[in-house]
Amino acid sequence: MPTPTADAPPSAATGLDVRPFRALVYREHDPARLARVSSPAYDLVTVGGRDRLAEADPHNIVRLILPHVDPVPGGRAASDRSSARAAAANLRQWLADRVLVREDVAALWRYEMAAPGLPATTGWLGAVRVPPAGSPAVLPHEDTFAPAVEGRRALLDETRTDLEPIVLAHDPEPEVAELTRHSGQGAPTLEVTDPDGVTHRLWRVTDRAVLQQLTTALGRTQAVIADGHHRFAAARAHQTTGGSTRCAVLAFLTPTGPGGLRVQAIHRVVPDLSLPAAVEAAATGLTARDVTPADGELAEVCRRWARGADGTAETGRGPVFLVTDGTRVVELSTPTAALRATVPTEAPTAWRELDVVLAHHGLLSHLWHRADDPTSVLVAHDVDQALRLAGERSGVALLLRSPAPADVAAVARSGARMPRKSTLFVPKPRTGLVLRPHED
């Protein structure tokens, strides 16, 4: 994406405006403690996972990002506002008990995530100003779901704290890369290994000269939201309702390309739809071919396909999907001209050519007659979760291929939006290591 020239001053209107902040951290932060109190991002936590995390420690961060409150009278689920108030009450108590403590000095945090056999992902945690509407400084690439935004906004209103970072993939910038390389010296301030085997290491950086260099260099870049569209939208809404003219959001900033993130697909699950019915409807617009493995290793075949390690996907040769009920798997390919015509022709080319767009407009909506809402179409962040949900909900899993990072950036630059939950950028920061109060 275009960036200002190297000697241009940072501007919130054109480039990232990143500032140090005085963080909230757990007072006891040895690795074993951090393993008990930290969590994945809120939208990756299942109901059962939430309960397990809450039981692991009375101060697990999940009690703030997904507070549990008793149902309100009448058997209805608790409202966003009452849940947010419960989180705020917990936060106040933890501050009073010094479970969480405020850092004395403003800092940026160098953040490294390393998994065995994979290149490390490095970047910075900082307070990023929410730019004016229409600014190219921070570009979303996915649609949001209004109720989810409202839930996150209520949490911001009540806690006045960024409880977890969004993720921004910024333009490569040589000075940022150089500062990142030289800032990871010595023992990290915080370190924890998550259940997926990813080791998270954070260094608190307070040197004023380094911070000035870093914020100036980042001001020459722009970024795409890789994760946290709902939280970013909530921050903007919080700014509006709070009457603030300057609003920031906690963000993990990492470069596109080397040292940055990898992108995976997010799959769909359609409840209460049998595989024969799904295939019969799909075959009116796509070529259907049974690819059920003879050896019974259906899950592994699907995993390999999703990783791009199986030629079945014919990567680069047009849209291809897998649909499965966990017993059989069918490949869907070669969409008809009529099915392609269900994709709005006035949209930018980068958007129209995405597999996930054809899946939503052509397959889910046009052929399977499903509305795009979290009840009609569920999302699954990996193949195993998709297969499990399909079995539990008497439905089918629709497995998608990952878009290329360049495709995601092209959609963002075009001003278009991918369907909600189209991409899974990995690895993800661990929630609970660093929080940002709004008093800064």
Please check if any side-chain donor atom of [X] sits under 3.5 Å from a side-chain acceptor atom of [Y], or the reverse.
| X | Y | answer |
| --- | --- | --- |
| H229 | R420 | no |
| T287 | S333 | no |
| E353 | T349 | no |

Check whether any side-chain heavy atom of [X] lies under 4.5 Å from a side-chain heavy atom of [Y], and answer yes or no.
| X | Y | answer |
| --- | --- | --- |
| P429 | V167 | yes |
| V396 | V269 | no |
| R352 | P344 | no |
| R262 | L118 | yes |
| M113 | F252 | yes |
| R430 | V198 | no |
| I61 | L435 | yes |
| I65 | T431 | yes |

Looking at E392, I'd like to know if its CD atom is crowded, meaning that more than 12 non-hydrogen atoms belonging to other residues, nucleotides or ligands lie closer than 6.0 Å.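 Yes, because the 6.0 Å sphere around CD of E392 holds more than 12 heavy atoms from other groups.
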
Q. Taking everything shown except R160 itself, do over 12 heavy atoms lie less than 6.0 Å from its CZ?
A.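 Atom CZ in R160 is not crowded, with 12 or fewer foreign heavy atoms closer than 6.0 Å.
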
Short side-chain to backbone donor-acceptor contact, [X] and [Y], under 3.5 Å:
| X | Y | result |
| --- | --- | --- |
| D355 | R401 | no |
| R328 | T292 | no |
| T254 | T122 | yes |
| H267 | L400 | yes |
| R436 | A248 | yes |
| T121 | G260 | yes |
| E112 | A120 | no |
| T180 | V176 | yes |

| Within 45° of the six-membered ring axis of Y42 and under 6.0 Å from that ring's centre, is NZ or CZ of R152 located there? |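 Positive - R152 is close enough to the ring of Y42 and near enough to its axis.
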
- prompt: Just how far is it from atom CG of L378 to atom CG of D373, taken to the nearest 0.5 Å?
  reply: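 Interatomic distance, L378 CG to D373 CG, rounded to 0.5 Å: 9.5 Å.
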
Return the CG to CG distance between D384 and L389, rounded to the nearest 0.5 Å.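 If we round to the nearest 0.5 Å, D384:CG and L389:CG are 11.0 Å apart.
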
When the aromatic ring centroids of H200 and W109 are compared, is their separation below 6.0 Å?
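No.
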
| said: Quick one, F21 with E103, criterion side-chain contact (heavy atoms from CB on, under 4.5 Å). Give me CA distance, side-chain angles, the key distance, then yes/no. | reply: CA-CA 9 Å; F21 65 100; E103 295 275 299; over 6 Å; no

- Query: Going through the checks in order, is the side-chain contact (heavy atoms from CB on, under 4.5 Å) test met by V291 and W305?
  - Reply: CA-CA 11 Å; V291 293; W305 183 89; over 6 Å; no

